Amino acid sequence: TMPSVTRLLLQNYPNPFNPETTISFSTKEAGPVRVRVFNVKGQLVRDLVDGNLPAGYHGVVWDGKDSSNRGVSSGIYMYRMDAPGYSKTLKMMLMK
């Protein structure tokens, strides 16, 4: 079945997590989507999704590493989904 709402970002699972977590989201229409992870200072840690996706349900795994493939420290991180007409940020916790 297709998602009933245009776009939706869900809470990651598991949360807290170690060493990885899955971020799920859906899009009712095909189009550009970005999902990025930030630290508590608002600095970009890693781009997880950046491109055009088909309509439907999607999931992306974050392995707790930054864009240089280095493991990040324990703590709270934000993940943000941006799509046309939609933006949402949620928190997740990495516990080592």
Side-chain angles (χ1 to χ4, degrees):
T1 62
M2 288 304 295
S4 57
V5 292
T6 308
R7 290 166 189 86
L8 179 66
L9 178 65
L10 301 172
Q11 186 65 51
N12 64 301
Y13 181 84
N15 186 40
F17 69 96
N18 180 25
E20 63 182 34
T21 189
T22 299
I23 295 168
S24 299
F25 58 96
S26 66
T27 54
K28 193 173 180 181
E29 306 151 349
V33 176
R34 286 186 87 175
V35 177
R36 295 177 288 174
V37 176
F38 298 89
N39 63 22
V40 288
K41 296 176 186 169
Q43 298 163 317
L44 179 64
V45 173
R46 187 148 168 207
D47 264 309
L48 297 177
V49 177
D50 188 1
N52 286 299
L53 293 181
Y57 295 96
H58 305 279
V60 61
V61 173
W62 182 43
D63 58 6
K65 293 182 179 172
D66 66 14
S67 52
S68 300
N69 209 35
R70 290 183 300 244
V72 299
S73 56
S74 296
I76 293 177
Y77 292 85
M78 318 298 173
Y79 59 102
R80 176 180 172 115
M81 175 181 169
D82 290 291
Y86 181 86
S87 181
K88 185 171 183 180
T89 304
L90 292 172
K91 289 182 184 178
M92 59 184 163
M93 182 179 286
L94 170 59
M95 291 182 74
K96 291 188 174 176

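This is a predicted model, so every value here is computed, not measured.
- Put simply, Val37 and Phe17 are part of the same group of oily side chains (I, L, V, M, F, W, Y) that touch within less than 4.5 Å, one to the next.
- Linking Ile, Leu, Val, Met, Phe, Trp and Tyr residues whenever their side-chain heavy atoms come within less than 4.5 Å leaves Val35 and Met93 in two separate clusters.
- Using a 4.5 Å cut-off on side-chain heavy atoms (C-beta onward), Val45 and Ser67 make no contact.
- Heavy atoms only, all atoms of each residue included: Lys28 and Ala55 are closest at O-CB, 3.3 Å.
- Scanning all heavy atoms of the two residues, the minimum distance from Ile23 to Leu48 falls at CD1-CD1, 3.8 Å.
- Annotation: the span from Asn15 atom CG to Leu94 atom CG amounts to 10.0 Å, rounded to 0.5 Å.
- Taking every heavy atom of both residues into account, Leu44 and Arg36 meet most closely at CD1-CB, 3.7 Å.
- To the nearest 0.5 Å, atom CE of residue Met81 and atom OG of residue Ser26 are 6.5 Å apart.
- Screening residues 72-96 for ring-ring contact (aromatic ring centres under 6.0 Å, His included) gives Trp62-Tyr77 as the qualifying pairs, with residues at least two apart or on separate chains.
- How far CG of Asn18 is from NZ of Lys96: 7.0 Å, rounded to the nearest 0.5 Å.
- The heavy-atom pair separating Pro32 from Pro84 by the smallest distance is O-CD, 3.2 Å.
- Within the 4.5 Å cutoff, no side-chain heavy atoms of Asn12 are placed close to those of Leu90.
- Under a 3.5 Å cut-off, the side chain of Thr21 and the backbone N or O of Pro16 do not form any donor-acceptor pair.
- Residues Leu9 and Phe25 meet the side-chain proximity criterion, which asks for heavy atoms closer than 4.5 Å.
- The minimum heavy-atom distance between Asp63 and Arg46, with the atom names listed, is OD1-NH1, 2.6 Å.
- In the hydrophobic cluster analysis, where Ile, Leu, Val, Met, Phe, Trp and Tyr join through side-chain heavy atoms closer than 4.5 angstrom, Met95 is grouped together with Met78.
- We find the CE-OG1 distance between Met92 and Thr22 to be 11.0 Å, quoted to the nearest 0.5 Å.
- Side-chain contact between Ser87 and Arg80 is present, with heavy atoms from C-beta onward closer than 4.5 Å.
- Rounding to the nearest 0.5 Å places NE2 of His58 at 4.5 Å from CG of Leu53.
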